[in-house]
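Please read all numbers here as calculations on a predicted model, not as lab measurements. For this chain, numbers begin at 1 and follow the sequence in order.
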Amino acid sequence: MSSFLTNQNQIAYANTIEYRVVNGNSVNFRKGPSTSYESLAKLNKGDKVEYISTSNSWTKAKYNNQTGYIYSKYISEIETKIKYVNCSVLNVRSGAGTNYSIIKTIPNGTEVEEIAVVGSWSKVKVGTTTGYVYNKYLSEKAVVSTVKKYVNCSSLNVRKGPGTDYSIIKSIPRDTQVEVISTNGGWSKIQVGSTVGYVSSKYLSDTKGSSSSNGSSNTSDSSAKVDKLISFAKAQLGKPYVWGAEGPNSFDCSGFTYYVFKNSANITLPRTSKEQSNYGTTVSKSNLKVGDLVFFDTSGENDGNVSHVGIYIGSNQFIHSSSSKEKVVISDFSNYYNNAFVRAKRVL
């Protein structure tokens with residue numbers, strides 16, 4: 001897995017100030033957690049205080065450099081804002097700093113609820129998970145990265161959904177450039193001009209002038225591409241594993257596959273192993289060919305979630321950047337990797 005936060009280790013850990021808002025008028029800000037304590041100030045609806053803690057029915061807070069207590073029914077969390085992840089993969093941590101553990105990773109374009117701003121960090125909720133993210137990587141609008149492809153058939157139907165049962169909304173000619181937003185199950189969500197729809201992925205290529213036919217010339221070209229890719233991948237053997245790195249001197253697992261495909265085959269894969277596992281055509285393990293991407297669940301018991309990727313090189317072996325070996329290595333499909341195998345994708 002990868003994250004754009006891996007280079008933030010030099011950032012000082014964030015000031016963990018969290019704010020709450022007063023929801024009533026003439027609310028007493030008292031010296032202690034009881035009506036028997038004198039009032040330090042009267043607060044009104046919309047006033048913000050620095051939240052410290054809550055005990056029983058009282059909230060301890062700071063206002064105008066004074067520490068006091070507010071009856072909890074008169075204080076609320078600041079209304080949440082909807083934000084979107086604007087990097088490839090973003091770590092959600094248990095606290096506001098890189099010293100806190102990662103509890104979840106979320107991909108580009110994910111919608112989150114921003115609950116509070118804590119210095120350079122935001123407390124967010126995504127699904128059932130609440131944690132902290134570096135707020136440099138949140139935007140007011142969704143920013144989804146795309147990959148440019150070209151139509152490789154005489155005319156390609158753009159449909160309303162991912163299947164031939166959906167209606168055709170547009171037909172586009174050979175060599176039309178499209179932006180691929182996402183790929184899943186043999187279908188690609190694309191944008192061409194102002195039109196957004198779905199096309200069969202097999203009719204898209206990385207370069208103009210490509211053909212979807214399976215003639216001998218194409219087979220020969222494909223074989224040459226695979227040979228070049230594997231040779232380039234093997235040239236990286238021994239280079240160190242570094243989480244978040246994508247070459248040329250070090251890699252994490254998906255950084256390695258991203259680098260190899262981009263520099264040897266001119267194919268720009270999505271950046272993370274999970275995203276890559278939804279790219280290309282799904283093939284069974286029994287039908288693997290050299291150059292196929294192979295995906296694994298290496299995070300405990302295999303429940304189908306992808307956390308690791310490599311490239312199949314034949315003879316029941318694959319090449320990958322291994323965190324346990326701390327470098328790029330060739331591994332066999334041993335019992336471990338057989339049990340961890342999730343799926344394979346054919347891109348070439």
Side-chain angles (χ1 to χ4, degrees), residues 1-3 6 88-89 105 147 183 201 205-206 219-300 302 304-348:
M1 290 292 185
S2 63
S3 171
T6 55
S88 178
V89 175
T105 58
V147 176
T183 300
S201 301
S205 299
D206 292 289
T219 301
S220 176
D221 289 345
S222 178
S223 178
K225 286 182 179 179
V226 170
D227 289 344
K228 181 180 179 181
L229 181 132
I230 298 303
S231 177
F232 187 83
K234 288 182 176 179
Q236 315 310 316
L237 283 168
K239 290 186 177 181
Y241 176 97
V242 174
W243 187 59
E246 55 187 50
N249 300 315
S250 58
F251 314 91
D252 64 11
C253 68
S254 57
F256 172 69
T257 51
Y258 176 88
Y259 179 81
V260 169
F261 273 82
K262 184 175 183 179
N263 289 278
S264 68
N266 197 31
I267 294 174
T268 304
L269 298 174
R271 180 56 185 85
T272 68
S273 58
K274 185 175 181 179
E275 290 171 327
Q276 289 176 12
S277 72
N278 292 319
Y279 189 87
T281 303
T282 302
V283 293
S284 64
K285 187 172 180 294
S286 61
N287 194 36
L288 282 174
K289 291 184 178 180
V290 175
D292 288 345
L293 291 167
V294 285
F295 298 91
F296 307 90
D297 182 352
T298 56
S299 301
N302 189 348
N305 290 316
V306 169
S307 58
H308 190 61
V309 61
I311 303 169
Y312 186 66
I313 62 172
S315 302
N316 209 37
Q317 293 183 317
F318 65 100
I319 186 170
H320 60 131
S321 184
S322 168
S323 60
S324 60
K325 300 294 184 183
E326 299 184 341
K327 60 184 178 180
V328 177
V329 297
I330 292 173
S331 297
D332 294 321
F333 269 97
S334 61
N335 287 337
Y336 173 76
Y337 285 113
N338 274 327
N339 292 333
F341 179 80
V342 176
R343 68 176 69 95
K345 288 284 187 175
R346 185 161 298 152
V347 177
L348 287 174

Requested in this report: Applying side chain to side chain donor-acceptor pair (under 3.5 Å) between Ser254 and each of Glu275, Arg271, Glu246, report the one that passes.
Outcome: Arg271
Report task. Work out which heavy atom in Ala344 is nearest to a heavy atom in Phe295; give both atom names and the distance. Result -> CA-CD1, 4.4 Å
Query raised in the report: Taking the side chain as C-beta and beyond, is there a heavy-atom pair between Asp206 and Phe261 under 4.5 Å?
Result: no
Report task. Give the C-alpha distance, both sets of side-chain angles, the deciding distance and a yes or no for side-chain contact (heavy atoms from CB on, under 4.5 Å) between Asp292 and Phe318. Result -> CA-CA 9 Å; Asp292 288 345; Phe318 65 100; over 6 Å; no
Query - Val294 side chain near Phe333 side chain, heavy-atom distance below 4.5 Å - result: yes
Query - side-chain hydrogen bond (donor to acceptor under 3.5 Å, both in side chains) between Lys327 and Ser322, worked out - result: CA-CA 6 Å; Lys327 60 184 178 180; Ser322 168; over 6 Å; no
Report task. Would you indicate whether Lys239, at its atom NZ, is surrounded by more than 12 heavy atoms from other residues, nucleotides or ligands within a distance under 6.0 Å? Result -> yes
Requested in this report: Would you sort out whether Ile267 and Tyr279 count as a side-chain contact (heavy atoms from CB on, under 4.5 Å), showing the intermediate values?
Outcome: CA-CA 11 Å; Ile267 294 174; Tyr279 189 87; 4.3 Å; yes
**Report entry** Pairwise distance NZ(Lys285) to OH(Tyr312) - rounded to 0.5 angstrom
**Finding:** 7.5 Å
Report task. Working to the nearest 0.5 Å, report the span between NE2 of His308 and OG of Ser299. Result -> 10.5 Å
Requested in this report: Check Ala265 against Leu229 and note the closest heavy-atom contact, atom names and distance.
Outcome: CB-CD1, 4.3 Å
Query raised in the report: Between Leu269 and Leu293, is any pair of side-chain heavy atoms under 4.5 Å apart?
Result: yes
Requested in this report: Could you go through the side-chain contact (heavy atoms from CB on, under 4.5 Å) check for Lys234 and Ile313 one step at a time?
Outcome: CA-CA 10 Å; Lys234 288 182 176 179; Ile313 62 172; 4.2 Å; yes
Query - Side chains of Thr298 and Tyr336 in contact at under 4.5 Å (non-hydrogen atoms) - result: yes
Query raised in the report: Could you walk me through whether Val306 and Arg343 pass the side-chain contact (heavy atoms from CB on, under 4.5 Å) check?
Result: CA-CA 9 Å; Val306 169; Arg343 68 176 69 95; 3.5 Å; yes
Report task. Name all pairs fulfilling the side-chain hydrogen bond (donor to acceptor under 3.5 Å, both in side chains) condition that reach into residues 255-269, sequence neighbours left out, sorted by first residue then second. Result -> Thr257-Gln276
**Report entry** Pairwise distance CD1(Ile311) to CG(Leu348) - rounded to 0.5 angstrom
**Finding:** 9.0 Å
Query raised in the report: Going from CZ on Arg346 to OG1 on Thr282, what distance comes out if it is rounded to the nearest 0.5 angstrom?
Result: 10.5 Å
Requested in this report: State the OG-CD distance between Ser334 and Gln317, to the nearest 0.5 angstrom.
Outcome: 11.0 Å
Query raised in the report: Do the non-hydrogen side-chain atoms of Glu326 and Pro240 ever get within less than 4.5 Å of each other?
Result: no
Query raised in the report: Mind checking whether Tyr337 and His320 have ring centres under 6.0 Å apart?
Result: yes
Query raised in the report: Rounded to the nearest 0.5 Å, how far does CH2 of Trp243 lie from SG of Cys253?
Result: 11.5 Å
Requested in this report: Indicate yes or no for a side-chain donor-acceptor contact from Ser321 to the backbone of Phe251 under 3.5 Å, with no hydrogens or angles considered.
Outcome: yes
